[in-house]
Amino acid sequence: MSPSSHAAAATDLLEQVRSGGHVPRHVAIIMDGNGRWARERLLPRPFGHRSGMKAVREVVQGALAAGVAHLSLFAFSNENWQRPHAEVSALMALLEEYIAREVDELADRGVRVRVLGELDRLAPSALAAVQLVESRTAHNGALTLNLFISYGARRELVSAMRAMARDVAAGRLTPEAIDEGEVGRRLLTRDMPDPDLLIRTSGEQRISNFLLWQLAYTEIYISPVFWPDFGREELFEAIRDYQRRERRFGKVSPQGA
Ligand code: FPP
C-alpha cells in the first residue's frame with residue numbers, strides 16, 4: 001500500500017473506532033519484535049529499537065485521536081538489564097533522544113508523560129530526561145503516556161507486600177484489613193484504571209512479567225506485526241477487535257443468564 005492509501009485506511013478505521021462503541025480507557029502494549037525486525041533486514045538490533053521509537057510516536061498520536069485516556073508501554077524490563085551492555089546503552093540513549101525530540105510536541109498536544117519502574121537504576125542523564133518530561137507535562141490531561149522502564153511486575157508486587165508487612169508491624173494495618181484495594185494502593189498504577197486492552201506485537205503469546213495484578217480481567221490482542229511496523233492502523237484494528245468482544249469479568253453474559 002502507498003503512504004496515502006495507508007493514511008486513508010487509518011482515517012477509515014478511526015471513524016469505525018469512534019462509532020464502534022466503547023473506546024478502551026487504558027491500553028497497555030508489550031512492544032516486541034524490534035530485534036527480529038532488524039535481523040530480517042540484516043541490521044544490528046539497535047536499528048530495530050530506533051525504528052521502534054518511531055512506532056511509539058505513531059501509537060501516541062493514534063491513542064490521542066481515538067480518545068484513549070491511558071497508554072502504557074513496556075519499554076524496558078528488569079530482565080532487560082541483562083542484555084549486552086551495548087544494547088542497554090543504545091536503549092537508554094534512545095529514551096533520552098525520544099524525550100529530547102518529543103517533549104515539546106507532547107506538552108503541546110496535552111500528553112502527560114509518566115515513567116514508572118525502578119528508576120534509581122537509570123544513569124543520571126536518563127533520570128534527568130525523565131524528570132524533565134514528567135515536570136513539563138505534569139498538568140496535561142488529554143492522554144497519560146505511562147512508560148514502564150526498569151519494571152517488573154513481580155518486584156512491584158514484592159514491594160507492595162513489604163509495604164503492607166511494614167504497616168502491619170507498625171500497627172497501622174491489620175492482616176484482616178488487607179484486601180484488593182490495599183494491594184492496589186501500593187502499586188505504581190495506584191491512580192489509574194486497570195488496562196482494558198493489552199496488545200502484544202510480534203505474535204508472542206506471553207505476559208512477560210508486565211502488570212500481573214492489573215491485567216487480571218484485561219482483554220488480550222496479539223498482533224503478528226513486529227513493533228517497528230506497528231502504527232496507527234494496527235492500533236485502531238486492535239481497538240475494533242476489542243469493541244467486538246463482550247467483557248464478562250467472570251460472570252455470565254445477560255443472554256446466557
Ligand atoms: C522488544 O523487542 C523491545 C524492547 C526490549 C525495547 C522497546 C524499546 C523501544 C520500542 C524503543 C524506545 C522506546 C521509547 C519509549 C523511547 P526485542 O528486542 O525483544 O525484539 P526480539 O524479540 O525480536 O529480539
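For ligands, and for the atoms within them, numbers begin at 1 and follow the listed sequence.
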Under 4.0 Å from a heavy atom of N80: give me the atoms of ligand 1 that qualify, with their elements.
-> 5 (C)

Atoms in ligand 1 with a heavy atom of G35 nearer than 4.0 Å | 17 (P), 18 (O), 20 (O), 21 (P), 23 (O), 24 (O)

Is the shortest N/O to N/O distance between R83 and ligand 1 below 3.5 Å?
-> yes

Taking only heavy atoms of A75 into account, list the atoms of ligand 1 that are under 4.0 Å away from them.
-> 6 (C), 7 (C), 8 (C)

min-distance protein heavy atom vs atom 9 (C) of ligand 1 -> N34 ND2, 3.8 Å

Which is it for R50 and E97 under the salt bridge (Lys or Arg N to Asp or Glu O under 4.0 Å) test, yes or no, and what are the steps along the way?
-> CA-CA 10 Å; R50 175 162 288 280; E97 186 181 327; 2.7 Å; yes

Looking at the rings of W37 and F47, which for Trp means the six-membered one, are their centres under 6.0 Å apart?
-> no

Just by distance, do the side chain of N209 and the backbone of G152 share a donor-acceptor pair under 3.5 Å?
-> no

Classify the ring geometry between H26 and H70 as parallel (under 30°), tilted (30 to 60°) or perpendicular (over 60°).
-> tilted

Among protein heavy atoms, which lies nearest atom 11 (C) of ligand 1, and at what distance?
-> H49 O, 3.5 Å

Mind checking whether L147 has an N or O less than 3.5 Å away from an N or O of ligand 1?
-> no

So is R36 polar-close to ligand 1, meaning N/O to N/O under 3.5 Å?
-> yes

Nearest-neighbour protein heavy atom for atom 1 (C) of ligand 1, which is reported as residue plus atom name and distance = M31 O, 3.1 Å

Could you go step by step and tell me if E58 and K54 meet the salt bridge (Lys or Arg N to Asp or Glu O under 4.0 Å) rule?
-> CA-CA 6 Å; E58 272 274 311; K54 292 192 198 118; over 6 Å; no

Under 3.5 Å between some N or O of ligand 1 and some N or O of R45?
-> yes

For D196 and R245, run salt bridge (Lys or Arg N to Asp or Glu O under 4.0 Å): C-alpha distance rounded to whole Å, both residues' side-chain angles, the deciding distance at 0.1 Å, then the answer.
-> CA-CA 11 Å; D196 301 295; R245 301 185 195 182; over 6 Å; no

Can an N or O of W227 be found at a distance shorter than 3.5 Å from an N or O of ligand 1?
-> no

So, do V115 and E134 sit near enough that their side-chain heavy atoms are less than 4.5 Å apart?
-> yes

For atom 14 (C) of ligand 1, the protein heavy atom that lies nearest, with its residue and separation = V56 CG2, 4.3 Å

Flag the pair F74 / F210 as yes when their ring centroid distance falls below 6.0 Å, and as no otherwise.
-> yes

Among protein heavy atoms, which sits nearest to atom 16 (C) of ligand 1, and what does the distance come to when rounded to 0.1 Å?
-> Y98 CB, 3.4 Å

Side chains of L198 and E219: does their closest heavy-atom pair fall under 4.5 Å?
-> no

